[in-house]
Protein chains: 2
Amino acid sequence: MAVRVRIEDVAAAAGVSMKTVSRVLNHEPNVREDTRLKVTRAVEELKYTPHLSARSLAGSKSFLVALLYNNPSASYLMGVIEGVLKACSDENYHTLLCPLEDDEARIVAGAEALIARSQPDGLVLTPPITDSPALLARLAELEIPYACVSPKDQSHGMGVAMDETRAAYDMVMHLASLGHRRIAHVIGHPAHGASGWRLTGYRQGLERAGIKFDPALVVQGEFSFESGVRAASALLDLERRPSAVFAANDDMAAGVIRVALERNLRVPEDLSVCGFDDTPMSRQIFPALTTVQQPTYEMGRIATLELLASIRNPESGRMVRVPYALKLRQSTGPVQE
Amino acid sequence: MAVRVRIEDVAAAAGVSMKTVSRVLNHEPNVREDTRLKVTRAVEELKYTPHLSARSLAGSKSFLVALLYNNPSASYLMGVIEGVLKACSDENYHTLLCPLEDDEARIVAGAEALIARSQPDGLVLTPPITDSPALLARLAELEIPYACVSPKDQSHGMGVAMDETRAAYDMVMHLASLGHRRIAHVIGHPAHGASGWRLTGYRQGLERAGIKFDPALVVQGEFSFESGVRAASALLDLERRPSAVFAANDDMAAGVIRVALERNLRVPEDLSVCGFDDTPMSRQIFPALTTVQQPTYEMGRIATLELLASIRNPESGRMVRVPYALKLRQSTGPVQE
DNA sequence: ATCCTGTCTGACAACGCTGTCAGCACTGCG
DNA sequence: CGCAGTGCTGACAGCGTTGTCAGACAGGAT
């Protein structure tokens, strides 16, 4: 490995001072256009990359973005992570992963430990910790900027969100268009904002389709496969069982399918099932699951870009809406007589 | 946020010089036991954490470990990642994630870019890039230490591995013990070492069970769900079709189950199916999949610990064996007449 | 011609830590 | 009793960058 190219070398090559090179690299004002050009050329020629540690030490910025999570879904997380990584590397930041425990106190403690150790310049939060009041309060105190992915409260702060209510509504309309009238819903984990939105969308869809809301057809789950199994058992024990089940995520939908098949019900002939998230698993179970695709990569990327923008300019940083897509597959079909 | 505690403050509190504190923190020799104690106490009292950037700048170490991967399985990766994170944070290192593209040239380019930008002190490689000769050669040139997770060549280097051959052997013995004689195998992606080991284990199992190896029952796959579907179609089109299929991973096993159920075969009554990896999906499909569990978290953690040990002392760094576990579930059952 | 403004540039210290090296106190040995 | 050897400690420079501040220069107002 050759010896490192330093800012000093670039300065010499460009015939300016170190400080001017620094200005160009940091997009600071007050550099003449031709000077800027000379410097950029020298940088490219020497393939210069600033030394992160030196930068961070001198500038008291860490160039670190931490991604805080406690979401158990590996595929969801990996999507978001890749997006965050992409945005960070494009802007010469490093990404720190910070897995957190489930309970509120430990979330705060974990985040504080991270902040003390690594001094990140900003944080990206994923659900459900986007909705931990204690954490948000502490972050405000510490004055650390953060961006949220799908937070419950989208009225302020920055980040990225999807119209989940609308997606759930669309899903119910899809079922209704297949002739279903007894459409059940398995609610997600009560702590997640998504559970509420999806339930709301379900109710709005029913209303639009002219179907009376039946509380007996709505069962509490908690986003896990096992909770889907429990919910399905309850629903299929009903005297007048539903002809379709809309589970608030794919894992629970898989649980519903499991129970249906165990009871020798055919999916979708005897029972239509749909989920939410479009995990890889949803394509691999039989029958393949009708579900809603979230652009997790884009969500991670955009949230991070907003965060970085707001680090540079505290005025900026918005809540960005991203589109979803219904994935119609084999687990939903027309109602049979 | 209060002002940072610096090494100077700790030195003052302990009544020693900065350098002595530094020595204690870096486990350097030549510090009297009581001095060491005084310092440790002061560190704890002041809750001192060394400033990573300053350390790295002064010591020309980056305290960074990069995890290179291009494995598409999110659950496998998340397991390894969490393990690496744990080991790193325990030793006050940071983890860098480095997703790489598939082809050899881009793997090397991606790794070089990472190394140039971030100067990691060491790398953790996951399959299949553990087996990229071009990359390994380049790393040797750059003299960057690396640890491998399940590399093809375990005769030298450090890292962690599982006896996959033995696990595959066990799986075949399990099928044989259920009375199966026509046991098919779907091979994994040819570039992965795992494919070879699992095939070898399959053949050893057959031999041990006194079953003649039948090339017609062995089909090439590539670890994807779709390749499992293709393989299963071929196998089930056979005149004398197998009574059991051992797929080299869970995704392909899911593909096999999909095809079987589509053809109205019952699993396991008409066809036993088993996989490898114990992905979360394997528990969520119907029927739940018999498979082999890899301790991914431990593997990531141990590989990283070996790496860090070898950074401190180039003499150390071994290839560690970790245990596996057969997960017997509903997708395998006794042969039916 | 003089002053003032604003734009652009560079010298130098500082960021928090570790490497180097010198110095001190002790031990064992001739 | 002197001297080399060993164990322990501290002073200080330097890692590669940015913040601060002062200075040079151009253009407009007086």
Side-chain angles (χ1 to χ4, degrees), chain A residues 1-39 42-43 46-64 92-94 116-119 121 311-312, chain B residues 1-39 42-43 46-64 92-94 116-119 121 311-312:
Chain A
M1 180 95 127
V3 73
R4 228 200 136 72
V5 179
R6 283 153 310 155
I7 198 168
E8 200 182 332
D9 307 322
V10 179
V16 298
S17 73
M18 277 159 47
K19 182 63 213 183
T20 298
V21 177
S22 165
R23 268 190 274 262
V24 172
L25 289 170
N26 293 291
H27 304 103
E28 284 173 29
N30 298 341
V31 180
R32 265 205 341 259
E33 198 44 51
D34 59 329
T35 326
R36 189 180 298 276
L37 212 69
K38 272 194 298 187
V39 172
V43 166
L46 298 174
K47 289 204 197 356
Y48 167 71
T49 347
H51 192 293
L52 208 75
S53 299
R55 258 187 142 174
S56 120
L57 182 58
S60 61
K61 275 178 280 171
S62 63
F63 294 94
L64 251 35
N92 247 297
Y93 270 69
H94 276 172
R117 280 183 29 140
S118 310
Q119 312 260 82
D121 291 337
I311 287 174
R312 266 195 281 280
Chain B
M1 183 92 129
V3 74
R4 229 199 134 74
V5 180
R6 283 152 312 155
I7 198 169
E8 201 183 331
D9 307 323
V10 179
V16 298
S17 74
M18 277 160 44
K19 182 63 212 183
T20 299
V21 178
S22 165
R23 269 191 273 262
V24 172
L25 290 171
N26 293 292
H27 305 104
E28 285 172 27
N30 297 341
V31 179
R32 266 206 339 262
E33 198 44 50
D34 58 329
T35 324
R36 191 181 296 276
L37 211 68
K38 270 194 297 186
V39 172
V43 165
L46 298 174
K47 288 199 193 7
Y48 168 72
T49 348
H51 191 292
L52 207 75
S53 300
R55 257 188 143 173
S56 120
L57 183 60
S60 60
K61 274 179 281 171
S62 64
F63 294 95
L64 251 33
N92 247 297
Y93 270 69
H94 276 172
R117 280 183 29 141
S118 310
Q119 312 260 83
D121 291 338
I311 287 174
R312 267 195 282 280

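First the proteins, then the strands, lettered A, B, ... as listed; each starts at 1. This is a predicted model, so every value here is computed, not measured.
Side-chain atoms of B:Arg4 come within 3.5 Å of backbone atoms of B:Thr49 as a donor-acceptor pair (strictly under, hydrogens ignored). Within the 3.5 Å criterion, the main-chain N or O of B:Gln119 finds a donor-acceptor partner in the side chain of B:Ser62.
Of the side-chain N and O atoms in A:Arg32, one or more sit less than 4.0 angstrom from OP1 or OP2 of C:dT9. Dashed line: the shortest gap from a side-chain N or O of A:Thr20 to OP1 or OP2 of C:dG10 is under 4.0 Å.
One end of the helix from C:dA1-D:dT30 to C:dG30-D:dC1 points its axis 60° away from the other end's axis, with each axis taken from 5 pairs and the angle rounded to 10°.
Smallest separation of non-hydrogen atoms from B:Phe63 and B:Leu52: CB-CD1, 4.0 Å. Summarising the geometry of A:Val5 relative to A:Leu46, their closest heavy-atom pair is CG2-O, 3.6 Å, with the distance given to 0.1 Å. Nearest approach of B:Tyr93 to B:Ile311, heavy atoms of both residues: OH-CG2, 3.9 Å.
Residues passing the salt bridge (Lys or Arg N to Asp or Glu O under 4.0 Å) test with A:Glu28, sequence neighbours excluded: none. Residues satisfying the side chain to side chain contact (heavy atoms under 4.5 Å, CB included) test with B:Arg32, not counting sequence neighbours, are B:Asp34, B:Thr35.
Mapping heavy-atom proximity under 4.0 Å, the span of DNA chain D touched by chain A runs 5' to 3' from D:dG16 to D:dT20.
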Pair A:Ser22, A:Asn26 - check side chain to side chain contact (heavy atoms under 4.5 Å, CB included), show working. CA-CA 6 Å; A:Ser22 165; A:Asn26 293 291; 3.4 Å; yes

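In this structure the side chain of B:Val21 never reaches within 4.5 angstrom of the side chain of B:Glu8, judged on heavy atoms.
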What donor-acceptor contacts under 3.5 angstrom involve side-chain atoms of residues 9-17 of chain B, with partners at least two apart or in another chain?
from	atom 1	to	atom 2	distance (Å)
B:Asp9	OD2	B:Arg6	N	2.7
B:Ser17	OG	B:Lys19	N	3.4
B:Ser17	OG	B:Thr20	N	3.3
B:Ser17	OG	B:Thr20	OG1	3.3

Do nucleotides 14-19 of chain C as a string where each nucleotide becomes B, S or -: B if the base has a protein heavy atom under 4.0 Å, S if just the sugar-phosphate does, - if no protein is that close. -BBBBB

